[in-house]
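One structure is given below, encoded as structure tokens.
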Amino acid sequence: MIVGIDLGTTNSLIAVWKDGRAQLVPNALGQVLTPSCVSFDDDGSVLVGVAARDRLLSQPTRSAAAFKRYMGTDKRLRLAGREYRPEELSALVLKALKADAEAFLGEAVSEAVITVPAYFNDTQRKATRVAGELAGLKVERLLNEPTAAALAYGLHQADPESQFLVFDLGGGTFDVSILELFSGVMEVRATAGDNYLGGEDFVSLLVDGFIAEAGAAIGLQARKLGEAQAARLRAEAERVKRVLSTADSAEFSHTEDGQTARWTVTAAEFERRAAPLLERLRTPVERALRDARLRPADLARIVLVGGATRMPIVHRLVSRLFGRFPNRDINPDEAIAVGAAVQAGLKARDAALDDVVMTDVCPYTLGIETSETSAGGAVRSGIYLPIIERNTVIPASRSKEVSPLTDHQSEVELRIFQGESRDVKDNVPLGTLTVPLPRRPKAEQTIDVRFTYDVNGLLEVEALVLADQSRQRLLIEQTPGAMSADAIRASLDALARLKIHPRDQAENRALSARLARLYEQQLGDVRDWVGRQIGAFDDVLARQDPREIAHAREQLSRQLDDLEGAPLT
Ligand code: AMP
């Protein structure tokens, strides 16, 4: 049996082609979305999915998320005292999905179609293959995510020579792709996007709106939120955002030291506040159309993908941009996995669709470290300044101007990074260029930093000091991130030694992690109550009576659902 897998940055899904249709496979918790998160325990056992996501806050040094962003780089993530490659962590997610599919199908699963972003380069694709291998899967083929979305909608059966646009707005990234079906091959003709734009930004703007409109009255200040406080506000904003996807208004409420503040947000108010974000969605669409030399009217279909396209404001924007309604019959967060299963089904009948990428784009953002001076004068270093954004069509050359931090500085060190995080420590260091400066007041000192990146992955960094026109250059060759055969073998051994937690206990682990997260987020009486439940549930687990455990779990889950508000889809 070949399965189809959407290995996403935030969530992953697995689907199978069965009884003539694509079917999504639920995980041990009965959900089709498995958060792409991994967490390690003292005893060497691994948690994957919701349980791991719940531990990101309570066990940050043992848990990881969003490692897809590092695929194909030499980045190592240190977790519970060991270093992991991004492909090893992805392998753990794939392994959990494989186990779910085997439980669902009642048979072994050994082959998979795995989706990758269209802008992934060769190294990133190889790393994804390695992740599959490490999880014990033969990767039948990698499929471009927008092509998968098109397959889910049956567009491969459309008129020959038609063009489509896939609009994918996920949790943290935005990707636009233009596809062309030509002689039975699906070509990705253009890709564009914004790496720092997604559903999370709409959550942030609701948090800011709440603080401005109601939170100040109970002493909340945007710049002075504690970690747990910010997490509670974000969870409430996420709920409000989802309610606004189906209702005309929603109430945002938050309690602090026994005082509750409430803010009623209408859909119109949400749209007004979201206007700058909606405007930012427009630019990549226009760029992709320009790159593919197409007008909106040339597109046969527009397909919406990614959970955040459920927001009516996004849907309306797309309708306005193209002058017609987009396709969104398939759940937007499931379309890519469905498409991967369609391809798996075609593959099983030797009729797989060929897909190719025609554009060459820069697969990562490239930039330098800078500092930021706050209004109060405090200096924060380690901030990322992107120079060439991910998805830029290459060859490309871009420059930005920077200034030294202090007066009469004799040199600056430009530290160069690749990656997507605002904190440079989470990005991959590529090199350092030392730039000597004539001694001047900082106001008279400007350095023009130019990055030129070509198709062979060669990055040239050039710094021009405007004061004396002196230039410094550095050439950086991208190190291949693919693992050697020996490294794969060693990694397989190490992963095999990790104890994957038994499936029948996965639900208990998820509940414990949920309780731990709530304990962190809540305060006062609710926190005390959660603390007592943690102790009581531990006692039940210690008695090892499966019926008692199942009963306690059910009752407690219901109480927690009431506390958090029933999950919305
Ligand atoms: P994805 O990366 O495709 O799983 O998308 C995740 C994003 O979709 C998150 O930012 C979610 O908040 C958002 N999302 C999921 N469901 C909804 C909904 N019903 N309304 C608004 N946003 C949603």
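Both ligands and their constituent atoms are indexed starting at 1 by order of listing.
Taking the side chain as every heavy atom from C-beta outward, Arg310 and Pro332 approach each other to under 4.5 Å. Between Leu105 and Met1, some side-chain heavy-atom pair lies under the 4.5 Å cut-off.
Residue pairs meeting the ring pair (Phe, Tyr, Trp, His ring centres under 6.0 Å) criterion with at least one partner in residues 186-214, sequence neighbours excluded, are Phe210-Phe252.
For a threshold of 3.5 Å applied to N or O pairs, the pair formed by Met311 and ligand 1 contains no separation below that value. Annotation: Gly307 places an N or O atom under 3.5 Å from an N or O atom of ligand 1; distance criterion only. For Asn11, a nitrogen or oxygen atom sits less than 3.5 Å from a nitrogen or oxygen atom of ligand 1, counting backbone and side chain alike. The N/O atoms of Gly171, backbone and side chain alike, include one that comes under 3.5 Å of an N/O atom in ligand 1.
Not less than 6.0 angstrom separates the ring centroid of Phe67 from the ring centroid of Tyr84.
For Pro117, the side-chain contact (heavy atoms from CB on, under 4.5 Å) partners at least two apart in sequence or on another chain are Lys68, Tyr119, Phe120, Glu145.
Side-chain atoms of Glu520 and Ser58 include no donor-acceptor pair closer than 3.5 Å.
Short contacts between ligand 1 and Glu238, defined as distances under 4.0 Å to a heavy atom of the residue, involve ligand atoms 11 (C), 12 (O). Of all atoms in ligand 1, numbered sequentially from 1 with element shown, those under 4.0 Å from a heavy atom of Thr10 are 2 (O). Within ligand 1, the atoms closer than 4.0 Å to a non-hydrogen atom of Gly306 are 3 (O), numbered from 1 in the order shown.
Ala308 counts as a contact of ligand 1, since one of its heavy atoms falls under 4.0 Å from the ligand.
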